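Worksheet: the structure to be examined is printed underneath.
Just so it is clear, the structure is predicted and the values come from calculations on it, not from any experiment.
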Amino acid sequence: MKEKKQNGYKWTFQKIGGATRVKIQSGEDLKHLGELDQKMWTVLSCPITGLEISDASLRYMDSDGDGKIHVNDVIATTNWLTNVVKNPDNLLLSKDGIALSDINQESEAGKQLYISAKQILENLKKDGEVVTVADSSDSIAIFAQTRFNGDGIITEGSTDEESLKAVIAAAVAATGGSQDRSGVQGVNAEQIEAFYQALADYAAWQAAKPAMPYGDDTDKAIELFNALNAKVKDFFLRSKLAAFNTDSTAALDVQVSRIEAISADNLTEKGAEIASYPIQRVTGKAELDLTAPFNPAWAAQMSALLGIAVDKKKKSLTETEWDEIGAKTGAYTAWLDAKAGANVESIGLEGIDAMLKNDKKDELLKLVEDDKALEAEANGIDCVDKLTHLYRDYFTVLKNYITLQDFYDKDQNVKAVFQSGTLIIDQRACHLCMKVQNAAAHGVMAPASGMYLLYCTCTSKQKAAPLDIVAAMTMGETGDLYVGKNAIFYDRDGVDYDAVVTKIIENPISIKQAFWSPYRRLAKWAEDLINKRAAEKDAKMMADTQGKLQEAPAAGADGKPAPQAFDIAKFAGIFAAIGMALGLIGAALASFFGAFTAWWHWVVFFFALILIISGPSMIMAWLKLRKRNIAPILNANGWAVNAASIVNIPFGATLTDQVKFPMVKGKDPFAKKGLPCWAKWLITILVIAAIACCLWIFGCLNRWEIYSPIEKYRPAVEEVAKPAAEVTETAEAVTEEAPADEPQAE
């Protein structure tokens, strides 16, 4: 760690998560937090949802209420806390509960908080000097014994006068009321005004009530007329058309074919069809014959209306007379439509008149004013709730905001606020799990993290709504991971969810996985190729078989198919081609392996081959693994991450736990039985012998004077050795004769 001055204040810096970050380690650091260059902050904003911390704490930090915590929100919260807390060092302890003695009464805000906190303890009848989050959050318990609580809402408990209590209860029933801080429904000033206005409106409406043309049956007559009016009007129009063209009468009347179509069915189930027929038979006469039968679907309603509104002696009803029935109720209908104060109708006209006569509105509004007079004190109690929440959670948020310190903590029990739980899948436990609002949108940015990511939808009987998460697999291999695989997810509260993998973003998981990756791809390619070729051969064979069956060879004299002659030349050519191919392959192998003159050449070749195949994959994986970055995953969740946050190989090993089984002795009773020991040794010896034989045949052992039996692969050792021996003998002979010749030369 190093210290460095920035804007006049000496900050402490540390290396964490692949970047240099400031270290907040004292209350004095908090006081100067506003002076820290924002370019040095790890996070510039984060959402207030989807985090494993109290929603209330996050809302209190979101000073502008935009749903995100920005740097300015953090600084404003810090300034408020350091102003009202006597010793800012205590904010780093994240305690649940603040002692009254820790509140700074020298500041105006702190003094009011002290008074309100003390009031909370008195209202709760709680001994001690510490106010906890549970104390300040229980507003119902705090205000249960108080008559006024500053919210401008009065309840029946706000007065001892029975008449006022009755009016308050009636007003709550009529307006719906508002919930008081004590948890009881009450009314505010606006609702009191609306209640008395409704009383006056209803009384005035009742006073303007016109005469009822049909007495007590007027309302029923209006209901019946409105139900029948359209059907009767339809009848009169049909009658007019029939009078206009008598040939159309049958078409306008109920058609026999329609009745025949339903006659075989249960007619009680055909009410809708029957109701669509005219209300009475159409004859061309534009009047209702009151002595003739009506459509059974409408007969009861028509009979009831005629009994109320039409003289029993009347035999027919014209359209004009029908309209007069409705016109008689016009004034009464208009009065009904102008109904006012319906929400107080249940009180009854007599009760309404009594309330208006014994007007209590001014007294109720006076109670509201008395309640509002304590608004400052009540708001102070709300501020105490803000203080207790932030006293406990502020530094936790700060550590995950400025430095991501909790994420990089060596203690695996310490989790970052964005880590939502643990996913158990494929014998591994993934601890880096985050909630996501939109998995599809999240998956667009997340691949830039370089991590192997599993998107899961989680459901639980203990929770109503499903949960979408993304989990990072940072150790092991791909194993048995695929879309649709089931798993179990545990949230931070220990609630278990059924998880289903819905999407996978593939990236390297480990060096080991990268080593085997080319071989797996090769095996997969070979398997797919074999399956493809087998399918093609099978299809071709079936096609050829069907063709041969359809085109059978001509029958012989005895009626049997004529045998085909054996073409030896054809098979000789095939065998020759096979021999030539084997020879070429053998020659290539012999020339290649002939360069291996020592045993260690084979070792070097083996490791070089592995390096060529697995090396590029391992190098690429290593480069990606050391640069895995959590920032894109957070950014996809609405964060504004200002610095790279690396998840290198050692740190990634702490984010995923792999299963570790103990050594178990004994045999599996259901294990597949293998070959006997003698058979294994025999197969091993035969394989070694076959390899040695191939090496011998193709001349790979010539250097050790174990020559191939095939002349083609045997070197001309004897021919080379013989001339060399003759030359040596000649040279020796010349050397021996030289001294005897010298005197002769002289």
Side-chain angles (χ1 to χ4, degrees), residues 6-7 11-25 29-30 32-55 57-81 91-92 94 389-390 392-409 414-420 431-437 441-442 445-446 448-451 470 472 492 627-648 651 655:
Q6 200 267 331
N7 291 338
W11 296 95
T12 301
F13 292 89
Q14 60 182 339
K15 196 78 172 179
I16 180 172
T20 301
R21 308 175 199 268
V22 67
K23 183 176 179 64
I24 306 298
Q25 55 188 356
D29 290 341
L30 297 179
H32 292 83
L33 191 61
E35 303 172 18
L36 180 64
D37 188 349
Q38 290 191 19
K39 295 190 295 295
M40 296 182 177
W41 291 53
T42 301
V43 176
L44 299 178
S45 75
C46 71
I48 64 172
T49 57
L51 304 181
E52 299 303 320
I53 202 166
S54 168
D55 290 340
S57 299
L58 295 171
R59 286 196 302 270
Y60 284 136
M61 291 190 69
D62 180 19
S63 56
D64 55 5
D66 65 349
K68 286 195 172 185
I69 299 175
H70 296 88
V71 172
N72 291 335
D73 295 325
V74 176
I75 294 173
T77 301
T78 304
N79 293 339
W80 183 79
L81 283 171
L91 293 171
L92 279 61
S94 299
H389 274 87
L390 295 180
R392 182 193 66 183
D393 297 333
Y394 160 76
F395 190 59
T396 300
V397 175
L398 196 67
K399 288 187 296 180
N400 288 270
Y401 201 96
I402 295 183
T403 63
L404 294 184
Q405 182 176 330
D406 283 351
F407 181 59
Y408 290 106
D409 199 296
V414 177
K415 304 293 183 184
V417 294
F418 49 77
Q419 289 179 266
S420 57
H431 300 300
L432 180 50
C433 301
M434 299 183 196
K435 296 176 183 176
V436 295
Q437 298 296 324
H442 192 278
M445 187 181 299
S449 66
M451 293 186 181
V470 58
R492 293 275 286 267
K627 292 183 178 180
R628 287 181 300 192
N629 187 2
I630 196 177
I633 303 178
L634 290 173
N635 279 313
N637 248 3
W639 290 57
V641 181
N642 191 39
S645 302
I646 303 300
V647 180
N648 57 24
F651 179 52
L655 297 176

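For the pairing with F407, the side-chain contact (heavy atoms from CB on, under 4.5 Å) check across L634, V647, T42, I16 returns one residue only, V647. Checking each of K435, K415, Q419, R492 against E52 for a side chain to side chain donor-acceptor pair (under 3.5 Å) leaves exactly one that passes, namely K435. Under the side-chain contact (heavy atoms from CB on, under 4.5 Å) test applied with I75, the options T78, D73, V71 reduce to a single match, V71.
Shortest non-hydrogen contact noted between A472 and M451 is CB-SD, 3.8 Å. In this structure, A636 and M445 approach most closely via the heavy-atom pair N-SD, 3.6 Å. Minimum interatomic distance between S449 and A446 (heavy atoms only, all atoms of both residues): OG-O, 2.8 Å. What you find for T396 and N400 is that their closest heavy atoms are O-ND2, 2.7 Å. Shown here for Q38 and N72, the closest heavy-atom pair between the two residues is NE2-OD1, 4.1 Å. Here the closest non-hydrogen pair linking C46 and L51 is SG-CD1, 4.4 Å.
Taking CG of L398 as the reference point, atom CG of L81 lies at 10.0 Å (rounded to 0.5 Å). T49 contributes atom OG1, which lies 11.5 Å from atom CZ of R59 (distance to the nearest 0.5 angstrom). Remark: N642 CG to N635 CG distance equals 10.0 Å, nearest 0.5 Å. Between L432 atom CG and L655 atom CG the span is 5.5 Å, to the nearest 0.5 Å. One finds the OG atom of S54 at 5.5 Å from the CG atom of D393 (value rounded to the nearest 0.5 Å). To the nearest 0.5 Å, atom NE2 of residue H70 and atom OG of residue S45 are 4.5 Å apart.
The aromatic rings of Y401 and W41 sit perpendicular to each other, their planes meeting at more than 60°, with 30° as the lower class boundary. Using cut-offs of 30° and 60° on the angle between ring planes, the pair W639 and F418 is perpendicular.
Here the side chains of M61 and L390 are in contact, with some heavy-atom distance below 4.5 Å. Side chains of Y408 and Q14 form no contact here, defined as non-hydrogen atoms less than 4.5 Å apart. Side-chain contact between I69 and T77 is absent, with no heavy-atom pair separated by less than 4.5 Å. Taking 4.5 Å as the limit, every side-chain heavy atom of W11 sits out of range of all side-chain heavy atoms of M40. Using a 4.5 Å heavy-atom threshold, the side chains of Y394 and V397 count as separate. At a threshold of 4.5 Å between non-hydrogen side-chain atoms, the residues L30 and L92 count as touching. In this structure, I24 and K399 have side chains that are not in contact, with every pair of non-hydrogen atoms separated by 4.5 Å or more. Looking at heavy atoms from C-beta onward, N637 lies in side-chain contact with H442 at the 4.5 angstrom threshold.
Salt-bridge formation is not detected for the pair K68/D66: no Lys NZ or Arg NE/NH1/NH2 atom is positioned less than 4.0 Å from an Asp or Glu carboxylate oxygen.
Panel note: side chain R628, backbone N648; a donor-acceptor pair is recorded below 3.5 Å. Looking only at distances, a side-chain donor or acceptor of N629 sits under 3.5 Å from a matching main-chain atom of S645.
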